[in-house]
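Here is the structure we will look at.
Predicted model only: the values in this text are computed from it and were never measured. Start at 1 and go down the list; that is how both ligands and their atoms are numbered. Side-chain atoms are counted along with the backbone in the values below, which use heavy atoms only and exclude waters and symmetry mates. FYI, the numbering just counts along the sequence from 1.
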Amino acid sequence: MRIFAVGRNYAEHIQELNNERPTEPVIFTKPDTAILRNNAPFYHPEFSKDIHHEVELVLRVCKEGKNIEEKFAHKYYDAIGLGVDFTARDLQQKAKEKGLPWDIAKGFNGSAPISDVFKPVSEFSDLKNISFSLQVNGVTKQEGNTSMMLFSFDYIIAYLSTFFTLRTGDLIFTGTPKGVSAVKPGDVLTGFLEKEKMFEFSVK
Ligand code: MG
């Protein structure tokens, strides 16, 4: 199982980090050791002073494929969950300035908490109008809707499969809306997909 992720997929998040709007999706990966399940706590690592939460919809791949045409892409994912793409923003910023890879800043242990429940795609009436949000200590910090994505689920699947063979069980983080900020020990993060609570875990 691999974890793929898309950066810079929501315009207002691109603005808040002063990034360039991409003409193609920005792709990175995380190792499977990044995954946290069962609302396990996130242990704030000492190597960063600026770990940001990025709440994201996560696609689950249900079929192996490569070079998938966008019009067939919907057949390759069957469920949507919610996750956090934790990012060591200070390390990422250093890497960006030097043109170096983001692996450490994005892929460290525990950097990918995901919901235990993934909702079947068939339960959504419109994939281009799915809302999700993140609360920190009961205060809403991020609110997103797939209508605001630069690159749709189907486009992301088609694009990724040009370079990587997708396999059943792979997860794809699809980008975060604006509102990212640093977390600290004691914080409680709660994620919602539509109105449904999908995860709640603490930072230690
Ligand atoms: Mg992200």
Side-chain angles (χ1 to χ4, degrees), residues 1-37 42 44-45 48 50-61 77 80-96 100-115 118 130-136 140-153 155-157 159-160 163-164 170-183 187 189-193 198-199 201 203:
M1 186 272 281
R2 281 87 40 83
I3 308 168
F4 299 100
V6 180
R8 303 179 194 173
N9 202 19
Y10 287 81
E12 290 178 340
H13 172 61
I14 295 170
Q15 286 167 10
E16 75 181 345
L17 295 183
N18 292 317
N19 283 321
E20 258 175 57
R21 190 180 171 121
T23 52
E24 291 290 2
V26 176
I27 302 297
F28 57 93
T29 62
K30 293 175 182 256
D32 57 8
T33 47
I35 289 185
L36 289 181
R37 298 182 198 271
F42 170 73
H44 196 300
S48 173
D50 199 23
I51 304 269
H52 280 195
H53 56 75
E54 296 189 356
V55 70
E56 311 198 0
L57 295 174
V58 182
L59 303 180
R60 188 176 68 198
V61 175
Y77 57 98
I80 299 172
L82 195 68
V84 177
D85 166 22
F86 274 127
T87 303
R89 195 72 71 202
D90 42 2
L91 302 187
Q92 187 196 32
Q93 188 56 34
K94 272 188 205 163
K96 274 189 199 169
L100 294 173
W102 296 359
D103 296 49
I104 291 172
K106 287 287 196 181
F108 56 88
N109 287 335
S111 62
I114 52 169
S115 57
F118 274 62
I130 301 173
S131 63
F132 59 105
S133 63
L134 180 77
Q135 293 181 356
V136 179
T140 300
K141 292 282 200 173
Q142 291 191 267
E143 284 182 291
N145 188 290
T146 51
S147 64
M148 304 187 299
M149 294 173 105
L150 302 182
F151 303 105
S152 69
F153 293 154
Y155 190 90
I156 291 167
I157 291 278
Y159 184 77
L160 268 175
F163 307 99
F164 305 102
D170 286 348
L171 301 176
I172 303 171
F173 280 68
T174 58
T176 201
K178 70 172 172 161
V180 301
S181 65
V183 297
D187 286 346
L189 276 62
T190 313
F192 296 88
L193 177 49
M198 299 294 281
F199 61 73
F201 62 89
V203 178

CD of E20: more than 12 outside heavy atoms within 6.0 angstrom?
->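 No, CD of E20 has 12 or fewer neighbouring heavy atoms, counting only those of other groups under 6.0 Å.
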Qualifying residue for side chain to side chain contact (heavy atoms under 4.5 Å, CB included) with I172, from I157, I27, I3, V58 | I157
As a test of reading the structure, name the N/O/S atom of [X] that is nearest the Mg ion (ligand 1).
X	result
E56	OE2
E54	OE1
D85	OD2

Between E12 and K178, is there a donor-acceptor pair closer than 3.5 Å when you use the side chain of the first and the backbone of the second?
-> no
Would you please indicate if the ring centroids of F151 and Y159 are separated by under 6.0 Å?
-> no
